Amino acid sequence: MFICFKVYTQECQLRKDNDDYLLKLDESKDKTFKINLIKEKVLRDKNYIPIQDTTACNLQNDRFKYLMFYNEWKNEAGEKCGKKILNYVFYNKGKAMFEIDEVLYPGSMKILDYLNEKNVEKIINLNAEYSRALFGERGAETSAIVIYTDDKVIKRFILKESKKTKNQLN
């Protein structure tokens with residue numbers, strides 16, 4: 001009888017990757033560079049798997065609601081990696097937002113292809129304290145990157161993508 005085991009030798013890199021990403025983002029003043037950094041980070045974070053604690057409150061039977069409330073991830077080896085950095089586009093004068101996360105919202109990264117230096121007002125790194133204040137437990141112990149835009153084309157695209165995502169989740 002032959003048994004094959006999958007061996008993982010690399011530790012989870014999410015926390016280190018988060019720190020390196022935030023450092024590069026904070027050091028740069030160039031919006032195009034920042035948008036490209038965000039794209040790269042969202043793609044890297046796509047490889048993590050959500051951790052679902054089945055003892056957590058009454059959300060245990062609803063995976064989507066659970067993931068919207070918590071933000072804990074593991075790698076393919078099953079090692080707990082911590083929290084991903086949250087990425088949002090705020091639009092409509094900051095009154096509405098759209099989360100960019102390819103695991104929770106497949107296809108949400110397409111919005112980044114529409115963003116450029118001309119239609120992005122600012123990109124802000126919210127530290128863990130502000131992130132928790134805005135996003136609750138989901139934002140605790142992590143940062144949130146917020147991209148502000150009032151571009152009408154992007155707003156229409158976000159509204160269209162939001163409807164698709166909502167339909168996919170039901």
Side-chain angles (χ1 to χ4, degrees), residues 10-51 64 67-77 79-162 164-165:
Q10 185 179 16
E11 291 181 18
C12 183
Q13 296 293 311
L14 181 60
R15 288 185 180 111
K16 183 182 180 330
D17 187 40
N18 285 350
D19 292 343
D20 293 346
Y21 165 69
L22 291 174
L23 184 65
K24 287 179 186 175
L25 203 67
D26 287 342
E27 287 176 348
S28 176
K29 302 292 180 213
D30 182 75
K31 288 180 192 175
T32 303
F33 179 77
K34 287 183 175 189
I35 292 167
N36 287 329
L37 272 177
I38 294 167
K39 284 181 186 180
E40 292 168 8
K41 179 68 170 138
V42 170
L43 283 175
R44 286 192 308 273
D45 284 355
K46 188 176 171 180
N47 297 320
Y48 293 99
I49 303 162
I51 295 173
F64 176 69
L67 292 174
M68 289 303 297
F69 189 73
Y70 295 97
N71 182 19
E72 292 289 337
W73 301 83
K74 61 184 176 182
N75 62 14
E76 291 177 345
E79 299 167 316
K80 187 175 178 181
C81 297
K83 297 188 175 201
K84 294 195 304 188
I85 292 172
L86 305 176
N87 296 286
Y88 285 91
V89 175
F90 279 38
Y91 62 100
N92 200 16
K93 298 183 180 162
K95 296 177 187 171
M97 65 183 172
F98 182 77
E99 184 172 4
I100 302 166
D101 186 311
E102 283 294 304
V103 175
L104 291 177
Y105 307 105
S108 63
M109 197 177 126
K110 287 188 266 181
I111 187 67
L112 294 175
D113 294 333
Y114 286 88
L115 298 174
N116 59 53
E117 193 168 303
K118 293 178 184 174
N119 61 22
V120 169
E121 292 173 32
K122 58 187 169 183
I123 299 173
I124 297 175
N125 172 7
L126 299 176
N127 66 27
E129 182 180 323
Y130 289 110
S131 181
R132 183 180 195 133
L134 276 176
F135 305 110
E137 184 62 31
R138 188 163 156 63
E141 301 171 27
T142 191
S143 293
I145 305 303
V146 178
I147 302 168
Y148 286 90
T149 184
D150 276 331
D151 188 87
K152 291 178 182 174
V153 173
I154 292 173
K155 180 181 174 182
R156 281 193 296 271
F157 179 79
I158 289 173
L159 293 172
K160 181 180 167 185
E161 286 301 307
S162 296
K164 283 182 189 178
T165 304

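The shown structure was predicted, so the numbers you read here are calculated from the model rather than taken from an experiment.
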Notebook entry, point to check: Can you tell me if OH on Tyr130 sees more than 12 non-hydrogen neighbours from other groups inside 6.0 Å?
Noted result: no
Check: How about Phe157: does its CZ atom have over 12 heavy atoms from other parts shown lying under 6.0 Å from it?
Finding: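 Yes, because the 6.0 Å sphere around CZ of Phe157 holds more than 12 heavy atoms from other groups.
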Looking only at heavy atoms, which two atoms of [X] and [Y] are closest? And how far apart?
X	Y	answer
Pro50	Trp73	N-CE3, 3.3 Å
Lys155	Asn92	NZ-OD1, 3.6 Å
Met109	Val42	SD-CG1, 3.7 Å
Phe33	Ser28	CD2-OG, 3.2 Å

Could you check whether any side-chain heavy atom of [X] comes within less than 4.5 Å of a side-chain heavy atom of [Y], counting everything from C-beta outward?
X	Y	answer
Ile158	Tyr91	yes
Leu134	Tyr88	no
Glu117	Ile35	no
Leu126	Leu86	no
Lys41	Ile145	no
Asp101	Asp45	no
Lys84	Val103	yes
Cys12	Tyr48	yes

Would you say the side-chain atoms of [X] pair up with the backbone N or O of [Y], donor to acceptor, closer than 3.5 Å?
X	Y	answer
Asn36	Lys39	no
Glu72	Lys83	no
Asn75	Cys81	no

[atom1] of [X] to [atom2] of [Y]: how many Å apart, nearest 0.5 Å?
X	Y	atom1	atom2	result
Arg44	Glu102	CZ	CD	14.0 Å
Glu99	Leu104	CD	CG	5.5 Å
Leu14	Lys16	CG	NZ	12.0 Å
Glu79	Ile51	CD	CD1	10.5 Å
Ile38	Ile100	CD1	CD1	7.0 Å
Ile85	Asp17	CD1	CG	7.5 Å

Margin query: Taking Lys24 first and then Asp20, would you say they form a salt bridge - that is, a charged N and a carboxylate O separated by under 4.0 Å?
Written below: no
Checklist line | Where at least one partner belongs to residues 140-150, residue pairs that pass side chain to side chain donor-acceptor pair (under 3.5 Å), sequence neighbours excluded | finding: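 As it turns out, there is no side chain to side chain donor-acceptor pair (under 3.5 Å) pair with a partner in residues 140-150 once direct neighbours are skipped.
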